[in-house]
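Following: one structure in structure tokens, then a few remarks.
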Amino acid sequence: EVQLQASGGGSVQHGGSLRLSCTASMFDMDYYAVGWFRQAPGKEREGVSCIDSASSGDVTYYANAVKGRFAIFRDKAENMLFLQMNSLKPEDTAVYFCATDYQYDCNNWQSDYWSQWGQGTQVTVSS
């Protein structure tokens, strides 16, 4: 069974940067589409970003709210997934999760079908 673990969260000021990491066991991060999601207090979980499998071209997708500020990428050698977050805003405050569903691409990635979730990491952005 796949085990995912997100890390790298913390507290930053408005305009700051953080890089989140996602490690996996029993899972080839390069082989399937993987995504980042977040959940703010009192709000529903939302999709942040997704990257297709390597065989599908590593195409990346972003929620409109983070486009141009966040970047998703993999380190194949380390079998890790990252989310580089720049120009952070207070509304980015949330618990961030990485996830997969053993799909090869990110079709409908913002839908609620993802089945494998890691423990989240807290990101807090102060104004």
Side-chain angles (χ1 to χ4, degrees):
E1 182 178 328
V2 62
Q3 292 185 348
L4 301 171
Q5 176 70 56
S7 62
S11 297
V12 296
Q13 291 192 326
H14 189 173
S17 297
L18 283 173
R19 178 176 290 185
L20 304 184
S21 302
C22 177
T23 57
S25 61
M26 307 297 290
F27 180 76
D28 185 342
M29 197 73 80
D30 200 47
Y31 196 71
Y32 295 105
V34 283
W36 285 100
F37 298 78
R38 66 186 181 187
Q39 187 165 21
K43 294 188 177 181
E44 290 188 355
R45 187 169 58 201
E46 63 176 353
V48 175
S49 183
C50 184
I51 183 168
D52 281 346
S53 65
S55 63
S56 294
D58 289 326
V59 182
T60 58
Y61 305 83
Y62 298 95
N64 288 336
V66 306
K67 203 171 291 185
R69 299 188 296 122
F70 290 12
I72 187 171
F73 59 98
R74 293 186 182 93
D75 184 323
K76 181 179 174 60
E78 296 295 326
N79 196 37
M80 293 179 69
L81 177 72
F82 297 94
L83 184 69
Q84 178 67 41
M85 306 188 296
N86 299 326
S87 303
L88 282 161
K89 305 176 181 180
E91 51 264 44
D92 294 319
T93 294
V95 178
Y96 284 70
F97 303 87
C98 50
T100 188
D101 193 58
Y102 301 112
Q103 307 291 329
Y104 297 114
D105 55 46
C106 297
N107 282 345
N108 299 313
W109 67 277
Q110 290 175 301
S111 300
D112 189 21
Y113 64 78
W114 298 76
S115 61
Q116 308 298 318
W117 295 88
Q119 289 188 324
T121 185
Q122 175 71 48
V123 172
T124 302
V125 185
S126 58
S127 57

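Any value given below was found using the heavy atoms of this structure, including those in side chains, with hydrogens, waters and symmetry copies removed.
Pairs engaging residues 29-49 under the ring-ring contact (aromatic ring centres under 6.0 Å, His included) rule: Phe27-Tyr32, Tyr31-Tyr104, Tyr32-Tyr102, Tyr32-Tyr104, Phe37-Trp114, Phe37-Trp117 [sequence neighbours left out]. Note on residues 94-109: no pairs pass salt bridge (charged side-chain N to carboxylate O under 4.0 Å, His left out), not counting sequence neighbours.
Cluster partners of Met80 are Phe73, Phe82, counting Ile, Leu, Val, Met, Phe, Trp and Tyr whose side-chain heavy atoms approach within less than 4.5 Å, directly or via other members.
Residues passing the side-chain hydrogen bond (donor to acceptor under 3.5 Å, both in side chains) test with Ser53, sequence neighbours excluded: Ser55, Ser56. For Glu46, the side-chain hydrogen bond (donor to acceptor under 3.5 Å, both in side chains) partners at least two apart in sequence or on another chain are Arg38. In this structure, Tyr62 has no side-chain hydrogen bond (donor to acceptor under 3.5 Å, both in side chains) partners at least two apart in sequence or on a different chain. With sequence neighbours excluded, the residues that form a side-chain contact (heavy atoms from CB on, under 4.5 Å) with Gln39 are Arg45, Phe97. Taking the side-chain contact (heavy atoms from CB on, under 4.5 Å) definition, one finds that Ser87 meets it with Arg69, sequence neighbours left out. The side-chain contact (heavy atoms from CB on, under 4.5 Å) test applied to Gln110 returns Ala63, not counting sequence neighbours. In this view, Lys76 and Asp30 satisfy the side-chain hydrogen bond (donor to acceptor under 3.5 Å, both in side chains) rule, not counting sequence neighbours. Under the side-chain contact (heavy atoms from CB on, under 4.5 Å) criterion, Lys43 pairs with Ala40, sequence neighbours left out.
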Using atom types as modelled, flag every donor-acceptor pair under 3.5 Å from a side chain in residues 5-23 to any protein atom, sequence neighbours excluded.
from, atom 1, to, atom 2, distance (Å)
Ser17, OG, Asn86, OD1, 3.0
Arg19, NE, Gln84, OE1, 2.7
Arg19, NH2, Gln84, OE1, 3.2

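A heavy-atom distance below 4.5 Å is not found between the side chains of Ser49 and Val66. Leu81 has its side chain within reach of Ile51: a pair of non-hydrogen atoms, C-beta onward, lies under 4.5 Å apart. A 4.5 Å side-chain heavy-atom check between Val123 and Met85 finds at least one atom pair inside the cut-off. For the pair Asp58 and Asp52, the minimum side-chain heavy-atom distance is 4.5 Å or more.
With hydrogens and angles ignored, the 3.5 Å screen pairs no side-chain donor or acceptor of Asn108 with any backbone N or O of Ser111. Put simply, the side chain of Thr124 never gets that close to the backbone of Thr93: no donor and acceptor are under 3.5 Å apart.
Residue Pro90 comes nearest to Ser127 through the heavy atom pair CG-CB, 3.9 Å, listed as atom of the first residue, atom of the second, then distance.
Grouping the Ile, Leu, Val, Met, Phe, Trp and Tyr side chains by contacts below 4.5 angstrom, directly or via other members, places Trp109 apart from Leu4.
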